[in-house]
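Have a look at the structure below before the remarks.
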Amino acid sequence: MTTDFSFREHPHTRFNILTGDWILVSPHRTKRPWQGKVETLPPDNRPAYDPACYLCPGNRRADGAVNPQFDGPFAFTNDFAALLADTPDGSLNDDGLLIAASEKGTCRVIGFSPRHDLTLPQLTVEEIKAVIRLWQEEFRMLSADPAIHYIQIFENKGEIMGCSNPHPHGQIWASSHIPLEIDKENRRQEAHFREKGRSLLSDYLDKEMALQERIVTTNEHFVALVPFWATWPYETMIISRRHVTDVLGFTADEVTALADILKKLTTRYDNLFNISFPYSAGMHQAPVNSGDQPHWHWHMHFYPPLLRSATVKKFMVGYEMLANPQRDVTPEWAAERLRGLSELHYKENTNQLS
Ligand code: H2U
Ligand code: ZN
């Protein structure tokens, strides 16, 4: 007996229009029992100031420098930077079999707040705006070096993601080469723009707004949604409504709106399992010192590792490493769950109740 195919029930593949990758969706697998690894959570009772933290104001870092008594976000060059500005030129191509090239760049660390005990959703919109302005300043400063071609602004949050310090912070890596994910998105966006004269994400956003199936939260200038091709269970993207190529293109109103949607989305994440929600997040934007990039549409990806609770992680192993990524819950189901959550942080809720 045959039944009608349903995206909600039956295994299928989905195409990532930004990268050209495919994922396998297996909605029927959510019913399988879980006897695998359960992660333990680090205690969530940090002091506002930790004398042993290299990101707290007034403390000494690994290179001996002492942090200023800053009262907002602040930036410094990573003392263990993966990319170095003074790397000499060099390359190898041995019969097309051994290929390598020297890489120049800089790595910066951005403390989001002087407070050791807070994270992005617990900052005010004004405080998050200051972080965005610092991202803009850093982007402007790093792109002044003609050797730099891409600036990756990101945040790695939570012990489960390998983050070394709970003090709220992000990083910026600026490189002379265009990194792999950016190269893929560059090609796909360029081809779409050449053919349609509109950015790929403008067209995609119109489609998602019409369907309303995967939208999580919105404001006047930004939309947060679970992409149709999401790989991680609660993966989301923030897309600017206006076609802006990089973080410097935002108006003052858009900076405020970006801070607002960052707060709303990360608050929903924390409220999902009532924990400080781990993720890797970062913005994708036009390469720099590479000529006109009108096809680029600024957006931000959030890749959280959790699957069914605060302690059960999604592993990208087996078929995912060897063939292509696979997910169980559908992007539509994940969007519905995130949409159903409050935009008032659970800790504020508790405070108000007690
Ligand atoms: P993660 O928590 O995402 O690992 O980032 C923290 C970065 O801070 C890490 O890349 C740097 C590490 O190299 N760091 C310093 O620059 N100075 C220090 O004193 C300690 C850590
Ligand atoms: Zn600290």
Partner set under side chain to side chain contact (heavy atoms under 4.5 Å, CB included) for Arg198, not counting sequence neighbours: Ser202, Asp203, Asp206

For Trp173, look at atom CH2 and say whether over 12 heavy atoms of other residues, nucleotides or ligands are found less than 6.0 Å away. no

State which residues pass salt bridge (Lys or Arg N to Asp or Glu O under 4.0 Å) with Glu332; sequence neighbours excluded, sorted by chain then number. Arg14, Arg214

With a 3.5 Å distance limit and no angle check, can you tell me whether Asn67 reaches the backbone of Gly58 through a side-chain donor-acceptor pair? no

For the ring pair His284 and His301, is the centre-to-centre distance below 6.0 Å? yes

Could you check whether Lys129 and Thr256, counting side-chain N and O atoms only, form a donor-acceptor pair closer than 3.5 Å? yes

Thinking salt bridges, do Asp270 and Lys264 make one under a 4.0 Å N-O criterion? no

Test: ring-ring contact (aromatic ring centres under 6.0 Å, His included). Region: residues 69-103. Which pairs qualify, not counting sequence neighbours? Phe70-Phe74, Phe74-Phe76

Could you walk me through whether Lys207 and Leu211 pass side chain to side chain contact (heavy atoms under 4.5 Å, CB included), step by step? CA-CA 6 Å; Lys207 177 70 69 193; Leu211 293 170; 4.1 Å; yes

Is there a donor-acceptor contact under 3.5 Å from the side chain of Glu155 to the main chain of Gln171? no

Trp298/Phe222 aromatic ring centres below 6.0 Å: yes

Please name the pair of heavy atoms, one in Ala65 and one in Asp63, separated by the smallest distance, quoted to 0.1 Å. N-OD1, 2.9 Å

Could you state the interatomic distance from NZ (Lys313) to CG (Leu306), rounded to the nearest 0.5 Å? 8.5 Å

Does Asp117 use its side chain to pair, donor to acceptor, with the backbone of Asn45 at less than 3.5 Å? no

Is the closest basic N to carboxylate O distance between Arg46 and Asp50 below 4.0 Å? no

With a 3.5 Å distance limit and no angle check, can you tell me whether Gln189 reaches the backbone of Glu185 through a side-chain donor-acceptor pair? yes

Whether the side chain of His167 engages the backbone of Ser113 through a donor-acceptor N/O pair (distance < 3.5 Å, no angle test) should be reported. yes

What do the steps show when you test Gln326 against Asp328 for side-chain hydrogen bond (donor to acceptor under 3.5 Å, both in side chains), and what is the final call? CA-CA 7 Å; Gln326 180 269 345; Asp328 297 346; 2.6 Å; yes

Carboxylate-amine/guanidinium contact Glu190 Arg194, below 4.0 Å: yes

Would Ile23 and Asn324 count as a side chain to side chain contact (heavy atoms under 4.5 Å, CB included) if you check the C-alpha gap in whole Å, the side-chain angles of each, and the deciding distance to 0.1 Å? CA-CA 6 Å; Ile23 65 150; Asn324 60 219; 5.5 Å; no

Closest approach of Leu83 to Ala174 (non-hydrogen atoms, all atoms of both residues): CD1-O, 3.5 Å

Where does the angle between the aromatic ring planes of Phe193 and His243 fall among parallel (under 30°), tilted (30 to 60°) and perpendicular (over 60°)? perpendicular

Selection residues 80-97 - residue pairs positive for side-chain hydrogen bond (donor to acceptor under 3.5 Å, both in side chains), sequence neighbours left out: Asp89-Lys104

Give me the other members of the hydrophobic cluster that Phe7 sits in, counting Ile, Leu, Val, Met, Phe, Trp and Tyr linked by side-chain heavy atoms under 4.5 Å, directly or via other members. Phe5

Taking only residues two or more places apart in sequence or in another chain, which ones pass side chain to side chain contact (heavy atoms under 4.5 Å, CB included) with Cys163? His169

More than 12 heavy atoms of other residues, nucleotides or ligands under 6.0 Å from CD of Glu220: yes or no? no

When you measure from the side chain of Arg187 to the backbone N and O of Thr19, does any donor-acceptor pair fall under 3.5 Å? no

Can a donor-acceptor pair be found, under 3.5 Å and without considering hydrogens, that links the side chain of Arg327 to the backbone of Val329? yes

Start with the C-alpha gap between Asn59 and Tyr49, add the side-chain angles, then the distance that decides, and say whether side-chain hydrogen bond (donor to acceptor under 3.5 Å, both in side chains) holds. CA-CA 10 Å; Asn59 290 359; Tyr49 167 77; 2.6 Å; yes

is_close_aromatic(Tyr279, Phe302), centroid dist under 6.0 Å: yes

Lys/Arg-Asp/Glu bridge criterion (N-O < 4.0 Å) met for Asp21, Lys184: yes

Trp229 ring center within less than 6.0 Å of Tyr204 ring center: yes

Will you find, in the side chains of Ser240 and His297, an N or O donor that is under 3.5 Å from an N or O acceptor? yes

